[in-house]
Amino acid sequence: MSENDNLQDADGNTKLKTTDLPQPNDDGNTASEPISEVENDTTATHSDGPEEPAKPTEETIETKDEVETSAEDSSETTNETTPDTSETPIKADAHVEEIDEANAEDAEDDENAERHTLESKDYHAMSMEQLTIEFEQLIANHKIQNIKSQVDDIKSEFNSKFDALLDEKKEEFLSEGGNEIDFYYASPVKKRFNTAFKTYRNTLNAYYKERENNLKANLEKRLQIIEEIKGLVNAEENINTTYKHFKDLQEQWRNAGPIPRDRYNNAWNSYHHHVEIFYDVLHLNRDLRDMDFKHNLEQKTKIIERAEELAKDDNINRSFRELQVLHKLWKEDLGPVAREHRDEIWERFSNATKTIHDKRQDYYADLDKARETNLAKKEEIIASIEEVAADTSSSHQAWQKKIKRIEALREAFFNAGKVPQKVNEQTWSKFKGAVRTFNRNKNAFYKNLKKDQYDNLEKKKALIQIALDNKDNEDLAATTPLMKKIQSDWKKIGHVPRRDSDKIWKEFKNACNAYFDRLNAERNEANKELMAAYEQKSAMLEEVKALELSGKPEKDIATIKEKIAAWKTIGHVPQNKRYIDGKFNKALDALFGKLDMDKAKLEMIKFENKLESLSQPNDTRLLDNEQNFIRKKITEIKAEINQLENNMQFFSNVDENNPLVKDVVKNIDKHKQGLTVWEEKLRKIKSMY
């Protein structure tokens, strides 16, 4: 007879049963600090440690008469199972506390776990525009509570870069004779960033306000449940009624929802402690208790074995995240084992945890060493900037070279990577100081360069006159090179006074545009054949958009292929009209989407059409790019399948009809079907060479 079968004593007393598997807690929470309201009511040890309270899986309810007639036996049983309430709670080791704290943070919200896998990019290497876009995408695509780390880094980098830009603009303003009190600089990207940050702050505040209310309410529910379980010990009612009440309270506990992270551990310990006392008072069947001990030992041994496997894994972050899950299962879903095994299995689990913890610490230590290398690079870059700033060259050309050199050094500084946190501010300040010194010297030079700027102004005015004199010239063969040359000469002349810069540029641009617009118009006239092809394709595009399919896949595919062949026979269109091919492909996609046929087969038909457009005589670059993309996609799908299949190992003892198991299996099948299509695409594109 299995643990799940109903048992019956020889005298006919029915023994009630529960499931032999631990019931998962719906809220999925953990925490690490004690609950003051519960602390005085329990001395239970750390629930992850060896001295766990018993939570039998299958219990025997004795009648009142039986309890009275077996006082001696029940006393012996009680002494054996009642926890030692004089024992001081065990303080978790540092490596266990690290897991508890990570689980505690996830516990307050089921969706917090996303923060472990959310990528933190190299924000230091991004421009202010890129940082702003990244910020907006984080807000739009992720839970607001999971992006704090990324937002803090983005904000720090954006403010640092904007402060540096502000200093530079201020120096330029002052170098041109401006008064410091009148300085003002408006930045569209700064305004956009501030708008995004306001959205983030308001959304986050609303989230925390709602969550705080829910957590407090859930905590009150759990404390009340514990009090009711305590009260059952002295309940003066039929024992079966009391037991049913107890099972109802257990169900309420599982559905009570998340509580504050600093209240979680002690609440669970208190709950387990009073559950054990309740079982002891009921004088539960010792055999069934031992069966439960055996079951818990088997499950915990599996957890230990998996933890020991993870200890050998070189993917530190992945191992740590999975270890969190194992500790959560150990703490929340499983009861105690026999006392003779408790120290042994906890020591094994703790040792595996410590191995992963130590490897993680070594990983971060190596990371700090790498950042020390980055620090050395940045210090070299700063020294180079200081060297360029000290250069006394006084020609415009020399300063242009130095400006380019500084821009390259700035880019190298931002791409050099992060430095140790303890010297981050110091390094950034030193960098800003070196760049500021260079900018001051540059501004001082150009402040004294007014004469050269006026000479440049005259040179550019002369080019404007040439452009005006030739914009209507009919000799295109001679005039076109001349117009291109004066455009090139314009770029080489250099600065003019700022108040004249926009005005003369508009005059020059308008004169050049007038000539090249006329040139393009005449070329369009000379290319009437290309324009005729464009007109034909425009008409055909409208036909395809309006095409009604018959509903018969084979016939409709033939029709679509006829349209494709007809499109290709039309020929080329002008360079600036080639966008029409993209519109045609979109229209084809719409038709393919209406076909009632196997999705994989349809996908390959569309892909074959795409390959024809990518195939170019004597040029395989487009095909190469597509092949590389497909190979990358296949690798990603295989990795996802492998991860899902590994996850299935945790469900070895779970019914295959379990919704979570079915969902994982369904997801694996879906990925495998997609993999088949991508592999077929790879074979197809290889045949094109």
Side-chain angles (χ1 to χ4, degrees), residues 121-132 134 152-194 371-449 453 494-495 498 501:
K121 301 180 180 178
D122 186 3
Y123 302 123
H124 193 57
M126 293 185 181
S127 66
M128 289 190 293
E129 289 79 6
Q130 291 170 326
L131 288 169
T132 302
E134 183 68 21
D152 288 345
D153 288 345
I154 288 174
K155 182 184 176 185
S156 176
E157 291 296 342
F158 185 93
N159 288 340
S160 295
K161 287 179 170 62
F162 183 75
D163 288 345
L165 175 64
L166 201 62
D167 285 346
E168 185 175 338
K169 295 297 182 182
K170 187 175 182 179
E171 289 293 337
E172 290 180 4
F173 178 77
L174 297 177
S175 70
E176 294 176 359
N179 193 322
E180 183 172 2
I181 198 173
D182 297 325
F183 173 71
Y184 175 77
Y185 177 69
S187 169
V189 71
K190 174 64 172 173
K191 182 178 180 181
R192 182 177 172 184
F193 184 87
N194 288 346
R371 290 182 176 179
E372 289 288 350
T373 303
N374 296 341
L375 175 61
K377 292 179 183 178
K378 289 194 171 185
E379 287 178 340
E380 290 179 5
I381 293 170
I382 293 171
S384 297
I385 294 174
E386 291 172 340
E387 182 181 348
V388 174
D391 184 5
T392 57
S393 302
S394 59
S395 68
H396 171 68
Q397 289 77 11
W399 271 101
Q400 290 301 303
K401 290 180 180 179
K402 289 196 289 185
I403 291 172
K404 291 180 180 179
R405 173 65 175 155
I406 291 296
E407 286 302 317
L409 289 170
R410 282 169 57 95
E411 188 72 15
F413 182 87
F414 290 130
N415 290 331
K418 293 184 177 181
V419 301
Q421 187 66 32
K422 62 184 178 182
V423 296
N424 185 54
E425 288 296 328
Q426 176 185 344
T427 306
W428 176 249
S429 296
K430 191 175 180 181
F431 168 74
K432 287 198 299 182
V435 173
R436 186 183 297 114
T437 298
F438 171 80
N439 287 332
R440 286 175 177 172
N441 294 341
K442 177 193 69 175
N443 293 334
F445 170 78
Y446 281 105
K447 185 177 181 179
N448 298 321
L449 209 61
Q453 290 184 350
H495 295 284
R498 177 172 296 184
S501 179

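Since the model is a prediction, treat every value here as computed from it, not as a measurement. Just the heavy atoms: all of them, side chains too, but no hydrogens, waters or symmetry mates, feed the values below.
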Once rounded to the nearest 0.5 Å, what's the spacing between atom [atom1] of [X] and atom [atom2] of [Y]?
{"X": "D167", "Y": "R436", "atom1": "CG", "atom2": "CZ", "result": "4.5 Å"}
{"X": "F438", "Y": "I406", "atom1": "CZ", "atom2": "CD1", "result": "4.5 Å"}
{"X": "Q400", "Y": "S395", "atom1": "CD", "atom2": "OG", "result": "9.5 Å"}
{"X": "K170", "Y": "D163", "atom1": "NZ", "atom2": "CG", "result": "11.5 Å"}
{"X": "I385", "Y": "K378", "atom1": "CD1", "atom2": "NZ", "result": "11.0 Å"}
{"X": "N159", "Y": "K190", "atom1": "CG", "atom2": "NZ", "result": "5.0 Å"}

- Message: Name the residue from Y184, F183, Y185 that meets the ring-ring contact (aromatic ring centres under 6.0 Å, His included) definition with F173.
- Response: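 It is F183, the one option of Y184, F183, Y185 that forms the ring-ring contact (aromatic ring centres under 6.0 Å, His included) with F173.
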Taking the side chain as C-beta and beyond, is there a heavy-atom pair between [X] and [Y] under 4.5 Å?
{"X": "R410", "Y": "E407", "answer": "yes"}
{"X": "L165", "Y": "K169", "answer": "yes"}
{"X": "L409", "Y": "V435", "answer": "no"}
{"X": "Q130", "Y": "I154", "answer": "no"}
{"X": "F414", "Y": "E157", "answer": "no"}
{"X": "M128", "Y": "F162", "answer": "yes"}
{"X": "E372", "Y": "L375", "answer": "yes"}

- Query: Between S160 (side chain) and S156 (backbone), is there a donor-acceptor pair under 3.5 Å?
  - Reply: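 Checking the backbone N and O of S156 against the side chain of S160, a donor-acceptor pair under 3.5 Å is found.
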- Task: Check whether any side-chain N or O of Q426 sits under 3.5 Å from a backbone N or O of V423 as a donor-acceptor pair, and report yes or no.
- Result: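 No, the answer is negative, given that no donor and acceptor are paired below the 3.5 Å cut-off.
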Heavy-atom count around [X] [atom1] within 6.0 Å, excluding the residue itself: above 12?
{"X": "K155", "atom1": "NZ", "value": "no"}
{"X": "E387", "atom1": "CD", "value": "no"}
{"X": "R405", "atom1": "CZ", "value": "no"}

- Would you call the rings of F413 and W428 parallel, tilted or perpendicular, where under 30° means parallel and over 60° means perpendicular?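 Rings of F413 and W428: tilted, as their planes differ by 30° to 60°.
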- Task: Applying side chain to side chain contact (heavy atoms under 4.5 Å, CB included), run through K442 and N439 and close with a yes or a no.
- Result: CA-CA 5 Å; K442 177 193 69 175; N439 287 332; 3.8 Å; yes
Specify the closest pair of heavy atoms between [X] and [Y], including all atoms of both residues, with the distance to one decimal.
{"X": "M126", "Y": "K161", "value": "O-CE, 2.8 Å"}
{"X": "R371", "Y": "P420", "value": "O-CD, 3.3 Å"}
{"X": "A389", "Y": "N441", "value": "O-ND2, 2.9 Å"}
{"X": "K418", "Y": "N374", "value": "O-ND2, 2.8 Å"}
{"X": "T427", "Y": "I382", "value": "O-CD1, 3.8 Å"}

